[in-house]
Amino acid sequence: MNPLLIVNPASADEQIFELKQGANTVGRTRDNDVSLANKSLSRAHARIDVTASGVVLVDLGSKNGTWVDGVRVATHTLGRAHTITFGEVAASYERAPRVTRVKAPLMPTCIKRFDDDLSRVSLAELIGPKHARATGRKPREASADRDRDKLRILLKVSQLLSTPAPLAALLASVLDLAFELLDIDRAVLLMLDPETGELEPRTLKTRAVSGDKAGLFSMSIARYVMEHGDAALFNDAATDPRLAQAGSVNLQSIRTSMCSPLKARDRTLGVLYVDNLRDGGRFGEEDLEFLSAFACQAAIAVENALLADQLAAEAVSRAQLLRFFPPAVLPAILKAGGGLAAVEVEATVLFCDLCGYTEMSSRMKPTDVIELLNRYFPAVAEVVFRHEGTLEKYIGDALLAVWGAPLHHDDDAVRAVQAAIDMQRAVRTLNAEWRGEREVSIHIGVYSGVVAAGNIGSKDFLQYATIGDATNMGSRICGLAEPGQIVLGGSKVSLVRQAGVRLTALEPALVKGKDVPLEVHRVE
């Protein structure tokens with residue numbers, strides 16, 4: 001049997017596509033093999049290639065991305081089963097023949113097994129007609145298997161909440177399910193802000209509540225449950241002694257309410273609050289237990305969504321950091337949340353510049369100049385990373401790199417000089433590849449001294465930079481170097497010589513910003 005793609009699994013809109021051998025296109029328009037009329041998809045969103053050697057998912061440059069198990073991908077080799085999200089459309093991929101797709105429920109009760117036909121039972125069938133309300137929960141008519149019915153409902157809820165979705169969509173789904181399961185007028189999900197420790201309303205749903213009451217709820221009840229850490233029932237909220245100071249209860253005429261913490265493992269993410277404005281004493285202890293189990297499932301789904309968002313953000317952050325920092329530095333930077341506070345360090349700065357760039361670019365088409373730079377910069381930037389330096393910035397046709405910030409080595413100056421030597425080799429290799437069609441040369445300045453290094457800029461745009469005399473001097477002595485030369489200055493000349501690098505002393509040079517001539521050496 002061919003692999004299956006199940007779109008909107010375990011929902012009324014579930015669609016099952018059997019993938020054919022070869023290319024299977026996924027997109028918004030009808031000419032796709034898997035046509036999904038959803039505005040979050042691109043016209044040609046993704047492609048699933050099914051071959052004898054395996055199945056490969058390829059994103060076709062879509063605007064809203066393709067995600068596999070919560071991680072955005074460009075190309076991904078699929079295994080036996082995955083959750084895949086195209087834009088905002090969730091799907092399940094199954095490589096093996098489909099027997100049943102029932103998953104073990106994520107809830108505190110241990111359930112060993114349910115009937116195989118459960119995946120074909122809808123939530124509406126489980127909870128019964130809306131007018132059948134023996135309690136605040138919407139159960140089927142009285143049955144000797146009441147406990148089993150509850151577990152079956154929670155299992156179905158677990159399936160619905162296990163579908164990958166953005167956090168905002170998931171929170172809305174949780175409240176939609178709460179309204180299906182309980183006879184309530186309002187439901188609110190409040191998330192705990194990890195920085196302030198305060199509860200913040202994230203999603204609210206009401207059932208035809210008129211006037212100013214529609215957007216209100218009892219924050220006192222939510223705080224009480226958050227503080228005590230257990231689900232609580234308030235059948236006469238207005239006179240409940242636990243809420244003696246809760247003016248909002250009287251103001252909103254809350255007749256009965258329940259609230260449960262959203263606990264995932266040992267972490268409380270927030271609370272789920274529901275109430276009824278019409279019927280005092282509507283809820284019982286059984287309803288509270290049911291809400292608590294439902295909130296437990298919702299909490300795990302929310303935690304998974306938060307983790308997926310975090311992983312996606314880290315992947316983007318890591319990709320951005322890899323443009324400027326060597327891989328060895330990334331764990332420390334990511335652990336610090338991407339922030340690098342300014343510190344004063346001794347560093348070695350390398351300034352590399354194309355010779356005669358202004359004159360050369362004036363004779364070339366702008367697109368040819370860009371093509372040249374796009375070949376030149378990756379060649380020299382790779383050298384920086386290979387020697388564990390930080391690529392600070394591109395300045396026109398120039399490159400500024402630094403060793404010693406944020407990662408320190410005792411031989412940073414030696415690494416910088418070796419990188420400069422390898423950059424000259426890389427340029428010679430480029431010239432050989434161009435075979436006379438064009439030829440470039442570079443001159444490099446290397447200087448060691450004290451700098452302030454760290455993130456600078458605004459809240460919306462931060463850039464890692466080194467500021468100080470050493471940075472300026474790297475640029476100045478680069479100007480002293482002839483085409484193909486490397487000139488070295490600063491406090492680490494003796495260290496570089498001890499490492500076996502051949503140096504030739506040049507005439508002391510008077511550079512801008514210095515009152516006395518600067519001692520410099522040419523790297524041989």
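D59 contributes a side-chain N or O that, together with a main-chain N or O of S62, makes up a donor-acceptor pair within less than 3.5 Å. A donor-acceptor distance shorter than 3.5 angstrom exists from the side chain of H443 to the backbone of A481, with no hydrogens or angles considered. S362 places a side-chain N or O within donor-acceptor distance of the main-chain N or O of E359, the cut-off being under 3.5 Å. No donor-acceptor pair under 3.5 Å is formed between the side chain of T85 and the backbone N or O of E88. With D353 contributing its side chain and F351 its backbone, the two residues share no donor-acceptor pair below 3.5 Å. Remark: the backbone N or O of N24 is not paired with any side-chain donor or acceptor of D49 at under 3.5 angstrom. The backbone N or O of A37 sits nowhere less than 3.5 Å from a side-chain atom of R28 that would complete a donor-acceptor pair. Formation of a donor-acceptor pair under 3.5 Å by the K20 side chain with backbone atoms of A23 is found in this model. Distance alone, capped at 3.5 Å, is enough to place a donor-acceptor pair between the T390 side chain and the A405 backbone. Judged purely by atom type and a 3.5 angstrom limit, N2 uses its side chain to pair as donor or acceptor with the backbone of L19.
Two residues are said to be in side-chain contact when any heavy atoms from C-beta on lie closer than 4.5 Å; E200 and L190 fail this criterion. Contact annotation: the side chain of V450 never approaches that of V345 to less than 4.5 Å [non-hydrogen atoms, C-beta and beyond]. In this structure the side chain of L350 reaches within 4.5 angstrom of the side chain of W403, judged on heavy atoms. For the pair V188 and T203, the minimum side-chain heavy-atom distance is 4.5 Å or more. Contact annotation: the side chain of F377 never approaches that of L372 to less than 4.5 Å [non-hydrogen atoms, C-beta and beyond]. V369 has its side chain out of reach of K365: every pair of non-hydrogen atoms, C-beta onward, lies at least 4.5 Å apart. L262 has its side chain out of reach of V271: every pair of non-hydrogen atoms, C-beta onward, lies at least 4.5 Å apart. V451 has its side chain out of reach of I467: every pair of non-hydrogen atoms, C-beta onward, lies at least 4.5 Å apart.
For the residue pair T51 and Q21, no side-chain donor N or O sits within less than 3.5 Å of a side-chain acceptor on the partner. Between the side chains of T471 and T466, at least one donor-acceptor pair of N or O atoms lies under 3.5 Å. A donor-acceptor contact under 3.5 angstrom links the side chains of T25 and D33, judged on distance only. Checking S173 against D176 by side-chain atom types alone, no donor-acceptor pair falls below 3.5 Å. Donor-acceptor pairing under 3.5 Å is recorded for the side chains of D69 and T83.
Nearest heavy atom pair, residue L192 against residue G197, reads CD1-O, 3.3 Å. Pairing each heavy atom of A231 with each of P261, the nearest pair is N-CD, 3.5 Å. V383 and A419 get closest at one heavy-atom pair: CG1-O, 3.3 Å. A pairwise comparison of heavy atoms in T348 and A416 identifies CG2-CB, 3.5 Å as the closest pair. Among all heavy-atom pairs drawn from F86 and A91, the shortest one is CE1-CB, 4.2 Å. Nearest heavy-atom pair across V427 and S441 is CG1-CA, 4.3 Å.
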Next on the checklist: Between C296 and K263, does the side chain to side chain contact (heavy atoms under 4.5 Å, CB included) criterion hold? Intermediate values first, please.
Outcome noted: CA-CA 6 Å; C296 178; K263 288 184 178 180; over 6 Å; no

Item to check | Check against side-chain hydrogen bond (donor to acceptor under 3.5 Å, both in side chains), E346 and S491 | outcome: CA-CA 9 Å; E346 187 165 19; S491 60; 2.8 Å; yes

Checklist entry - Can you check side chain to side chain contact (heavy atoms under 4.5 Å, CB included) on V523 and V417, steps first, answer last? => result CA-CA 8 Å; V523 177; V417 171; 4.1 Å; yes

Next on the checklist: Does L510 form a side chain to side chain contact (heavy atoms under 4.5 Å, CB included) with L518? I'd like the steps, not just the answer.
Outcome noted: CA-CA 6 Å; L510 187 62; L518 186 69; over 6 Å; no

Checklist entry - M423 and I442: side chain to side chain contact (heavy atoms under 4.5 Å, CB included), yes or no, with the steps? => result CA-CA 9 Å; M423 284 180 180; I442 58 175; 4.1 Å; yes

Item to check | T29 vs N32, side-chain hydrogen bond (donor to acceptor under 3.5 Å, both in side chains): CA-CA, chis, key distance, verdict | outcome: CA-CA 6 Å; T29 56; N32 289 282; 3.0 Å; yes

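Here H76 pairs with H82 under the ring pair (Phe, Tyr, Trp, His ring centres under 6.0 Å) rule; sequence neighbours left out. H228 pairs by the ring pair (Phe, Tyr, Trp, His ring centres under 6.0 Å) definition with Y224, not counting sequence neighbours.
The environment of CG in D410 is sparse: at most 12 heavy-atom neighbours from other residues, nucleotides or ligands sit within 6.0 Å. Open room surrounds CD on E507; 12 or fewer heavy atoms of other groups in view lie less than 6.0 Å from it. Heavy atoms from other residues, nucleotides or ligands lying under 6.0 Å from CD of E519 number 12 at most.
A salt bridge links R386 and E382; the closest N-O separation between the charged side-chain nitrogens and carboxylate oxygens is under 4.0 Å. In this structure, R522 pairs ionically with E524, as a charged nitrogen and a carboxylate oxygen lie closer than 4.0 Å. Under 4.0 Å is where a charged nitrogen must lie from a carboxylate oxygen, and between R415 and E388 at least one such pair does. Classification of R375 and E371 as a salt-bridged pair fails, no side-chain N sitting under 4.0 Å from a carboxylate O.
Atoms CG and SG, on L399 and C478 in that order, are 10.5 Å from each other to the nearest 0.5 Å. From H387, atom NE2 reaches atom CD1 of I421 across 8.5 Å, with rounding to the nearest 0.5 Å. The CG atom of D469 sits 5.5 Å away from the OH atom of Y447 when rounded to the nearest 0.5 Å. The CD atom of Q418 lies 7.5 Å from the CG atom of D411; values are rounded to the nearest 0.5 Å. L5 CG to S92 OG: the interatomic distance, rounded to the nearest 0.5 Å, is 8.5 Å. Rounded to the nearest 0.5 Å, atoms NZ (K39) and NZ (K63) are 10.5 Å apart.
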